[in-house]
Amino acid sequence: MTDEQSSDFIREIIEQDIEESRYDSRVHTRFPPEPNGYLHVGHAKAVCINFGIAEEFGGLCNLRMDDTDPTKEAWEYVEAHQRDIRWLGFDWDDRLFYASDYFEQLYDWAVELVKKGKAYVDDLSPEQISVYRGDFTTPGRDSPYRGRTVEENLDLFERMRAGEFHEGERVLRAKIDMTHPNMNMRDPVMYRILHETHYKQGDAWCIYPTYDWAHGQSDSIEGITHSLCSLEFEDHRPLYNWFLEQLEIYHPRQIEFARLNLSHTVMSKRLLKALVDEGYVVGWDDPRLPTISGMRRRGYPPAAIRAFCEEIGVAKAASLIDIDMLEHFVRDELNRNAPRVMAVMEPLRVVIENYPEDQTEIFEVDINPEDPDSGTREVPFSNVLYIERGDFREDPPKKFHRLAPGREVRLKQAYLITCRDVVKDQDGEIVELRCTHDPDTRGGVTADGRYVRTLHWVSAEHALDVEVRLYDRLFTRADMGSIPDDKSVVDYLNPSSLEVTSAMAEPSLAAAEPGDRFQFYRNSYVCVDPDSTAERPVFNRTVPLRSTWAKIAEKMT
RNA sequence: UGGGGCGUAGCCAAGUGGUAAGGCACGGGACUUUGGAUCCCGCAAUCGUAGGUUCGAAUCCUACCGCCCCAGCCA
C-alpha cells in the first residue's frame with residue numbers, strides 16, 4: 001500500500017490507457033457483488049484489486065449490488081457486504097449503487113433494441129430454447145418467433161412488463177446469431193418474467209433483466225473505465241460489446257483475471273450456503289469458513305488479508321493457493337500487533353516450596369516484546385502455579401530443554417525455578433511438581449546470565465477458567481475443486497475442524513472484549529468470540545504459533 | 001467435439017530476444033526471557049513437449065500435449 005512497485009498485467013494496461021489519455025486518463029472501477037450470500041476471501045481479492053487499483057491511480061471505486069435476481073437476494077446480504085468491505089479497510093463514500101435502480105433505463109434501452117429490430121419476444125419454453133440453442137458441435141436454430149414485427153414485439157414486451165403473462169411464458173431475447181460459435185451470442189435472454197417481490201424494488205417489476213443484459217450497461221451508466229472481473233466472463237465480453245455498440249453508449253474496458261482458490265476450503269457461495277443451511281457450520285460467520293465474517297470472527301486481521309491478496313498477485317492462470325500462505329500473513333500481522341497474555345492449556349500444578357504461602361507478588365510483564373511502546377501489564381504470582389503439562393518431562397529426551405527433575409527453567413518475567421520432586425497419584429499419573437525458586441532471579445533476571453528456557457505460567461488462585469475453541473482446516477483435502485464424481489464436499493469435512501477445550505488464563509483477560517486479539521504466549525493467536533461472557537470467556541484459536549519443537553517431537557516418535 | 005483462456009520449482013508469481021526476481025513451504029545455522037520473532041545460509045525450474053528462426057529464445061514462428069471456462073429464463 002505504500003511503496004509498492006509491484007505490478008501486474010491489469011495495472012500495466014491501465015498505465016498504458018492513462019498514457020494514451022484513454023477515458024481522459026480517469027480510473028474508475030467498481031466491485032459488483034450480488035447480495036445473495038456472504039462475501040469470502042475470493043471476493044476479498046476482487047475487492048483489493050478494484051479498490052486498490054482505484055486508490056493507487058487516484059481514481060474511484062464504486063460498490064454496486066448486482067441485484068437482478070429477486071429470488072435469491074436480500075437486504076441481509078447487502079448489509080453484510082458493506083460491513084465486510086468496510087472492515088477490510090475500503091470505502092466507497094456515497095457511491096453505493098444498485099443495478100436494480102437502473103431497471104427503468106435498462107427497460108428503455110431494451111425497447112430501443114426492439115425498435116432497431118435487434119431484440120424480440122420469444123414464446124419458446126425454457127426447454128425448447130435450450131434445444132434450439134444447439135450445442136458445441138451443433139449450430140443453433142432460429143426460434144419460430146424470431147421474425148416477429150417490431151410492432152408485435154413492442155406490444156408483447158410492454159404486456160410482459162404489465163404482468164399479462166406467466167413466468168416462463170415468454171422472454172425478450174437479443175437477435176444476434178443462432179449459429180455463433182460463442183454460445184453467449186446465440187440470441188441470449190435479456191428479460192425473463194418473474195412474479196417475485198424484489199428486496200429493494202418491491203413489486204414494481206415482474207420482468208427482470210438477466211445479468212448479461214444488465215451488467216455491461218450498469219458499468220456504462222456509472223462511467224466505469226475498467227471493468228475488472230473473473231475469467232469466466234471472458235466469453236461474455238463480445239456480448240457486452242455488442243450491446244454497448246447497438247446502444248451507442250459509453251464503453252468501459254473489461255479485463256478478466258483468475259479468481260482465487262484456496263486449499264482445504266471451498267469458495268462457492270452455493271457450497272458455503274449449503275454448509276450453513278445444512279448445519280455443518282454454525283453460520284456464515286463460522287470461524288472455519290473462508291467468509292470475510294468468518295475470518296473476522298476467527299481473528300484474522302484485515303491487514304493480513306490485504307497483504308495476502310497483494311502477495312498472491314493478479315494473473316490469468318488458474319491456481320490453488322496453499323492456505324499456509326494466508327496463515328503466514330495472519331501470523332506476520334499478529335506477531336507485530338497482538339498483545340501477549342499467558343494461558344495454560346493443559347495445566348500441571350506446580351508448588352513453589354520456598355515461596356511464602358500467603359504471599360502474592362505482582363509482576364510487570366511485557367505486553368508485546370516486538371513493540372517496545374506497548375508497555376506492560378500486571379500478572380500475579382503465588383506459590384501455587386500452573387504450567388503446561390508438555391513443558392515437563394520426567395524422563396526428558398535428548399533435545400528436550402524444558403523442565404525435568406533437577407532442572408531449572410525460567411517462568412516468564414517472574415523467577416527461575418528448579419524441579420525438586422514429582423508427585424503422582426495411584427495410577428502413576430503426575431499430579432504435581434514440587435519446585436523451589438531462586439529469589440535472586442526476580443523478574444526472571446539472572447546475575448550470571450545463565451541460559452535457561454522460558455515457560456509461561458499462571459497463578460492457580462488467580463487463574464481464569466476460559467473456553468478455547470481450536471479450529472483446524474474445514475476439509476481434509478487440499479483441492480476441493482477436483483473431488484471425484486461420486487463424492488461430495490461433505491465427504492471431506494475434517495472431523496476435528498473444531499475442538500472445544502479450556503485453559504487457565506491470567507486474570508487480565510477478564511477485561512477482554514469480543515473481537516480482541518491476543519497471543520497466548522508460546523501457543524497461539526486467539527480472538528475473543530462474540531459468545532464470550534464475563535462468567536465464561538470464550539477464545540477462538542486464530543492460528544497456532546509455528547513450532548520447531550513440534551517438528552522435532554514428531555520426528556522422535 | 002465448436003468457442004474462449006492458461007501452462008516458469010511442492011504452491012503462488014516476476015520476466016516483454018541477451019543467458020531464470022521475490023514470497024509461501026521445506027532444510028541448516030546464529031541469536032533469543034516465546035523451541036515464536038529476527039538474521040544469515042541452503043533448497044529446488046532441461047521455463048508443458050517437439051521442431052524452427054536467431055550470434056543468442058521462457059520470450060518470435062509452427063505443430064502437438066495437458067488443464068480451466070462456456071450448451072441457466074444464475075451471477
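Throughout, protein chains are lettered first and strands after them, A, B, ... in sequence-line order, and every chain is numbered starting at 1. Please read all numbers here as calculations on a predicted model, not as lab measurements.
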**OP:** Classify the side chain of A:E370 versus the base of B:rU38 as yes if they form a donor-acceptor pair under 3.5 Å and no if they do not.
**Re:**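 By the distance-only test, no, there is no pair.
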Subject >> Quiz item: A:R546 side-chain donor-acceptor pair to B:rG35 base, under 3.5 Å >> reply: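 Such a pair does not exist between side chain and base.
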Original post:
How does protein reach along nucleotides 70-75 of chain B, written 5' to 3' as B (base within reach of a heavy atom under 4.0 Å), S (only sugar-phosphate), or - (no contact)?
Top reply: BBSBSB
For [X], report the nucleic acid contact type (base, sugar-phosphate, nothing); a contact means any heavy atom under 4.0 Å.
X      : answer
A:V131 : nothing
A:K316 : sugar-phosphate
A:Y451 : base
A:F400 : base

**OP:** Could you check A:Y102 against A:W109 for side chain to side chain contact (heavy atoms under 4.5 Å, CB included), going step by step and ending with a plain yes or no?
**Re:** CA-CA 11 Å; A:Y102 307 143; A:W109 276 330; over 6 Å; no
Original post:
B:rG35 phosphate, OP1 or OP2: any side-chain N/O from A:R453 under 4.0 angstrom?
Top reply: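 Result: yes.
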Original post:
Who pairs with A:T376 by side-chain hydrogen bond (donor to acceptor under 3.5 Å, both in side chains), at least two apart in sequence or on another chain?
Top reply: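 Applying side-chain hydrogen bond (donor to acceptor under 3.5 Å, both in side chains) to A:T376 gives A:E364.
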Original post:
Is it true that A:E56 and A:R11 make a salt bridge, defined as a side-chain N closer than 4.0 Å to a carboxylate O?
Top reply: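 Judged by the 4.0 Å cut-off on N to carboxylate O distance, A:E56 and A:R11 do form a salt bridge.
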**OP:** Identify whether the glycosidic angle of B:rG72 places it syn (within 90° of 0) or anti.
**Re:**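 Base orientation relative to the sugar is syn.
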Original post:
Residues two or more places apart in sequence or in another chain: which of them pass salt bridge (Lys or Arg N to Asp or Glu O under 4.0 Å) with A:D101?
Top reply: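 Counting only residues at least two positions away or on another chain, A:D101 forms a salt bridge (Lys or Arg N to Asp or Glu O under 4.0 Å) with A:K200.
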Subject >> Partner residues of A:R237 under the salt bridge (Lys or Arg N to Asp or Glu O under 4.0 Å) criterion, sequence neighbours left out >> reply: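 Residues passing salt bridge (Lys or Arg N to Asp or Glu O under 4.0 Å) with A:R237: A:E256.
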**OP:** Starting at atom CZ of A:R473, determine the distance to atom C1' of B:rA25, rounded to an integer number of angstrom.
**Re:**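 Rounded to whole Å, this separation is 12 Å.
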Subject >> Dot-bracket encoding per residue of RNA chain B, Watson-Crick/G-U cut-off under 3.5 Å, | denoting interstrand >> reply: .(((((((.[[[..)..(...]]].(((((.......))))).....[[[[[..)....]]]]])))))).....
Subject >> Identified ring pair (Phe, Tyr, Trp, His ring centres under 6.0 Å) partner of A:F157 from the options A:F165, A:Y120, A:Y107 >> reply: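 Testing each of A:F165, A:Y120, A:Y107 against A:F157, the sole residue satisfying ring pair (Phe, Tyr, Trp, His ring centres under 6.0 Å) is A:Y107.
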Original post:
Does any N or O in the side chain of A:S374 come within less than 3.5 Å of the main-chain N or O of A:N368, such that one atom is a donor and the other an acceptor?
Top reply: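 Yes.
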Original post:
Does any residue of residues 327-342 of chain A have a heavy atom under 4.0 Å from RNA chain B, and if so, which ones, in number order?
Top reply: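 Heavy-atom contacts with RNA chain B come from A:H328, A:N335, A:R340.
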**OP:** On RNA chain B, check which nucleotide each of A:A414 and A:D324 is closest to and give me the residue with the more 5' one.
**Re:**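 The residue mapped nearer the 5' terminus is A:D324.
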Original post:
Nearest to the side chain of A:T454, which nucleotide is it out of B:rG22, B:rU33, B:rC12?
Top reply: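 Nearest nucleotide to the side chain: B:rU33.
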